[in-house]
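Each chain gets a letter, A, B and so on, in the order its sequence line appears, and its residues count up from 1. Please read these numbers as outputs of a predicted model, since none were measured by experiment.
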Amino acid sequence: MSQISLTFPDGNSRDYDAGVTPAEVAASIATSLAKKAISATVNGAHWDMQWPINEDARIAINTMQDDEPALELIRHDLAHIMARAVQEIWPDVKVTIGPVRDNGWFYDFDRQEPFTPEDLGQIEAKMKEIINARDAVKTEIWSRADAIKYYEDNNEPYKIELVNRIPEDEDLRMYWHGDWQDLCRGPHLQHTGQVPADGFKLTHVAGAYFLGDSSRPMLQRIYGVAFKNRKDLKAWETMMEEAAKRDHRKLGREMDLFHMQEEAPGQIFWHPNGWKIYTTLQDYMRRMQEVDGYVEVNTPQVVDRKLWEKSGHWDNYQENMFIVEVDEEHAREKAINALKPMNCPCHVQVFNSGLKSYRDLPLRMAEFGSCARYEPSGALHGIMRVRGFTQDDAHIFCTDDQIEAETKKFIEFLAKIYADLGFHNWTIKLSTRPEKRIGSEESWDRVEKALGDACNAAGYEYEIQEGEGAFYGPKLEFTLTDAIGRQWQCGTLQVDPNLPERLSATYIGADGDKHRPVMLHRAVLGSFERFIGILIEEHAGKLPFWLAPRQVVVASIVSEADGYVDEVVAALRAVGVRAEADKRNEKINYKVREHSLGKVPVILAIGAREVEERTVSARRLGENRTSTISLDDIVAQLKDEAQAPDLK
RNA sequence: GCUGCAGUAGCUCAGUGGUAGAGCACUCCCUUGGUAAGGGAGAGGUCGGAAGUUCAAUCCUUCUCUGCAGCACCA
């Protein structure tokens with residue numbers, strides 16, 4: 001038998017017979033290591049303790065101390081253990097797939113009865129039994145025919161389908177956890193007892209389609225989370241509670257920002273507080289765009305289907321459009337209109353109105369465009385995914401040669417805005433040509449390069465998303481990460497030569513002939529509604545002073561102070577600070593509590609002493625201390641703080 | 001849109017086949033209190049909507065609307 005040489009992390013090498021397994025290697029080092037080993041890393045690949053090694057390699061034996069392999073194995077083995085538990089309790093349930101995901105795993109089952117929360121408890125108990133049984137994990141490579149025969153005998157139709165989907169040149173690997181069998185790539189732990197029995201939890205059940213195919217019947221997916229120990233599980237639970245506290249739907253109610261009701265699903269009733277955030281943000285964006293050379297337009301909401309037919313939306317986007325039938329007074333047939341789902345076709349109409357010269361380009365046309373899209377009911381989510389929203393939309397009409405410079409300019413514009421709004425952690429993705437596309441290869445080459453070069457010129461790295469571009473052109477996506485690590489795609493820039501073509505947009509070139517402009521669709525915030533939702537969650541409701549809908553509450557401690565309270569409020573309002581008086585017959589404790597819960601950034605308490613000295617006792621949200629400041633000073637200070645970042 | 005779960009006072013929730021209850025919020029009264037809930041009283045709901053079963057429905061059945069979680073969707 002031939003020999004191979006294995007090199008350990010400390011640099012030492014040893015020779016073994018070819019086909020040696022990591023289990024044997026570990027045993028050759030120390031019995032204790034063989035016992036606590038969970039897997040190996042062989043030439044960078046995650047390797048099962050039972051898989052043979054046939055050539056010289058670098059090898060490291062992993063234990064529970066190695067976080068990455070440990071968590072992957074724990075979660076992956078739990079997926080199998082859960083499926084085994086389910087089939088032990090309900091033998092008729094069919095198994096499908098169960099991958100590791102996020103902080104845990106899921107497994108999809110085909111079962112007539114829905115799983116109930118009580119079922120989850122029962123499954124969890126059974127899983128703990130399996131873990132305590134410390135059943136060995138075994139693996140073998142099987143032939144296709146044997147595997148299919150096996151699954152036919154065991155009546156597991158989904159597994160047969162999965163076997164048939166595995167490429168011919170790939171090994172079919174079968175795993176056993178005790179007597180329970182599953183088709184699986186591996187690797188796995190050495191035995192079920194290596195899973196920490198107190199570090200996991202089944203979280204919820206939800207429907208999911210087999211292999212994501214919505215034309216097929218829905219399966220039941222059970223989700224679980226798992227960690228190395230009880231402490232980490234608790235930490236995860238605490239984090240989830242924190243995230244729930246930031247939920248913009250909850251904070252929106254508590255801060256009286258907006259509400260939604262069933263007569264207008266997916267649309268927002270903005271209350272005064274919420275609308276103040278909205279208009280403050282919009283005013284800021286309007287100033288920024290003017291400085292950056294945009295012109296602002298406004299276009300119709302309800303537009304005849306003829307335009308949507310020309311733009312292509314009628315054929316490609318109709319199911320997402322609100323269609324409106326209108327009885328024309330003097331016409332027998334009904335006119336059919338649609339609420340605009342996008343602003344671009346209307347902007348081309350503005351562009352087309354009057355001859356444009358090459359001297360007009362690039363023409364940056366912005367609109368805070370109210371759009372309506374009939375989003376599927378299941379997609380709606382608070383103010384983040386709605387049916388009526390307003391984009392900070394703009395279309396840059398330009399020549400091919402201007403694409404790169406305009407893109408660079410836009411990235412710098414967007415970076416400034418994200419920084420002003422407190423987001424410093426964001427990335428760019430470049431989506432390239434998809435399989436179904438129009439336009440020549442040369443033009444795709446050119447435009448993809450222009451976008452990439454623009455990113456570099458602006459000083460930003462980007463990640464490529466192969467084949468994710470629109471059918472007419474590539475795009476950049478700007479994704480920001482919030483305070484608790486969630487990612488949001490907000491900004492976008494898409495190159496579109498198609499719509500100008502369809503809607504016959506032209507300009508007169510230097511040569512006196514007509515030419516076709518290119519359109520860059522671009523947005524920074526995406527939609528005001530969604531972005532405000534992100535802002536609320538990012539700040540847990542404690543918005544920066546300039547964006548806070550209620551900035552200052554001036555609260556009396558005794559009623560003798562009421563007159564001076566009004567004076568303080570008036571002085572603040574006179575310099576543009578949003579201030580209100582609280583002269584209610586309540587104790588200062590009560591008022592402080594209420595306004596703190598209402599996320600008011602500054603509370604100014606006024607008692608007899610402050611009246612006497614013409615001062616205020618200031619308290620900042622989140623701080624327990626107070627400070628006494630003269631009226632003039634606090635007015636000057638808050639006036640400055642209330643300025644939007646671009647005006648400071 | 002699909003699967004599952006849910007809908008009772010402004011909010012958070014309890015509850016029963018015989019036309020409903022708590023805490024907070026609200027209104028009024030007492031209290032003028034120094035930085036996260038002072039005390040008392042009162043008002044407030046055709047129990048998401050429609051139909052059905054029943055002597056009787058908030059409760060059981062069906063349909064429907066809306067929300068929540070996930071899937072699918074996201075030019």
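- With distances taken from any side-chain atom of A:Arg593 to the nucleotides B:A37, B:A69, B:C71, the minimum falls on B:A37.
- A cation-pi geometry, defined here as NZ or CZ lying under 6.0 Å from the six-membered ring centre and within 45° of its normal, does not hold between A:Arg522 and A:Phe410.
- Residue contacts for A:Arg625: at a heavy-atom cut-off of 4.0 Å it reaches no nucleic acid atom on any strand shown.
- Comparing atom distances between the A:Glu560 side chain and each of B:C71, B:A25, B:U32 picks out B:U32 as nearest.
- Following rounding to the nearest Å, A:Phe106 (CZ) and B:G4 (P) show an atom-to-atom distance of 19 Å.
- Of the residues in residues 210-225 of chain A, A:Gly212, A:Ser214, A:Met218, A:Arg221, A:Tyr223 come within less than 4.0 Å of RNA chain B through at least one heavy atom, sorted by number.
- A search for ring pair (Phe, Tyr, Trp, His ring centres under 6.0 Å) contacts involving A:His248 returns A:His381, not counting sequence neighbours.
- Of the candidates B:A36, B:G33, B:G7, the closest approach to any side-chain atom of A:Glu262 belongs to B:G7.
- Close to B:A36, at under 4.0 Å from its OP1 or OP2, lies a side-chain N or O of A:Asn589.
- For A:Pro114, the side-chain atoms get nearest to B:G4 when compared with the rest of B:A69, B:U12, B:G4.
- Counting non-hydrogen atoms under 4.0 angstrom, A:Tyr209 reaches a base of the nucleic acid.
- For A:Lys587, counting side-chain heavy atoms from C-beta on, the closest listed nucleotide (B:G1, B:G38, B:U32) is B:G38.
- Base-pairing analysis of RNA chain B finds the following stems of at least three consecutive Watson-Crick or G-U pairs, with both pairing distances under 3.5 Å: B:1-7 with B:65-71, B:10-13 with B:21-24, B:26-30 with B:38-42, B:48-52 with B:60-64.
- Rounded to an integer number of Å, the gap from CZ of A:Arg249 to P of B:A6 is 18 Å.
- Put simply, the side chain of A:Thr626 and the base of B:U35 share no donor and acceptor less than 3.5 Å apart.
- Counting non-hydrogen atoms under 4.0 angstrom, A:Val558 reaches a base of the nucleic acid.
- The nucleotide whose nearest atom lies closest to any side-chain atom of A:Ile588 is, among B:G1, B:A69, B:G34, B:G34.
- Across all strands shown, A:Pro265 has heavy atoms under 4.0 Å from sugar-phosphate atoms exclusively, and none from any base.
- Atom P of B:A20 sits at a distance of 14 Å from the matching atom of B:C59, rounded to the whole Å.
- Residues A:Tyr223 and A:Val205 have side chains not in contact (no heavy-atom distance under 4.5 Å, counting atoms from C-beta outward).
- Distance CG (A:Asp582) to P (B:G33): 17 Å, rounded to an integer number of Å.
- When the side-chain nitrogen and oxygen atoms of A:His259 are compared with OP1 and OP2 of B:C11, none of them lie within a distance under 4.0 Å.
- The residue A:Asn316 sits close to a base: some heavy atom pair falls under 4.0 Å.
- With A:Phe389 as the aromatic partner, A:Arg530 does not meet the cation-pi criteria of under 6.0 angstrom to the ring centre and within 45 degrees of the ring axis.
- Nucleic acid contact class of A:His595 (heavy atoms, under 4.0 Å, all strands): none.
- Checked for salt-bridge contact, A:Glu586 and A:Arg593 miss the test: no charged N lies under 4.0 Å from a carboxylate O.
- Taking side-chain N and O atoms only, A:Arg101 has a distance below 4.0 Å to OP1 or OP2 of B:C71.
- When heavy atoms are screened at a 4.0 angstrom cut-off, A:Arg620 is found touching no nucleic acid atom at all.
- Nucleotides B:A57 and B:U62 have their C1' atoms positioned 15 Å apart, rounded to a whole Å.
- For A:Arg385 against B:C73, a side-chain-to-base donor-acceptor contact under 3.5 Å is present.
- The neighbour count for A:Lys126 NZ, taken as heavy atoms of other residues, nucleotides or ligands under 6.0 Å away, is above 12.
- Using modelled atom types, one finds no donor on one side chain facing an acceptor on the other under 3.5 Å when comparing A:Ser630 with A:Thr615.
- Against RNA chain B, the stretch residues 602-619 of chain A makes heavy-atom approaches under 4.0 Å through A:Ala605, A:Gly607, A:Ala608, A:Arg609, A:Glu610, A:Ser617, A:Arg619.
- For the pair A:Asp247 CG and B:C68 P, the computed distance is 9 Å after rounding to whole Å.
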Whether each nucleotide of nucleotides 39-47 of chain B has a protein heavy atom under 4.0 Å at its base (B), only at its sugar-phosphate (S) or at neither (-) is summarised, 5' to 3', as ---------
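- Ion pairing between a basic and an acidic side chain is recognised when a charged N comes within 4.0 Å of a carboxylate O; A:Glu468 and A:Lys475 show no such pairing.
- Side-chain proximity of A:Tyr590 to B:A72, B:C26, B:A36: nearest is B:C26.
- Residue pairs meeting the salt bridge (Lys or Arg N to Asp or Glu O under 4.0 Å) criterion with at least one member in residues 596-612 of chain A, sequence neighbours excluded, do not occur.
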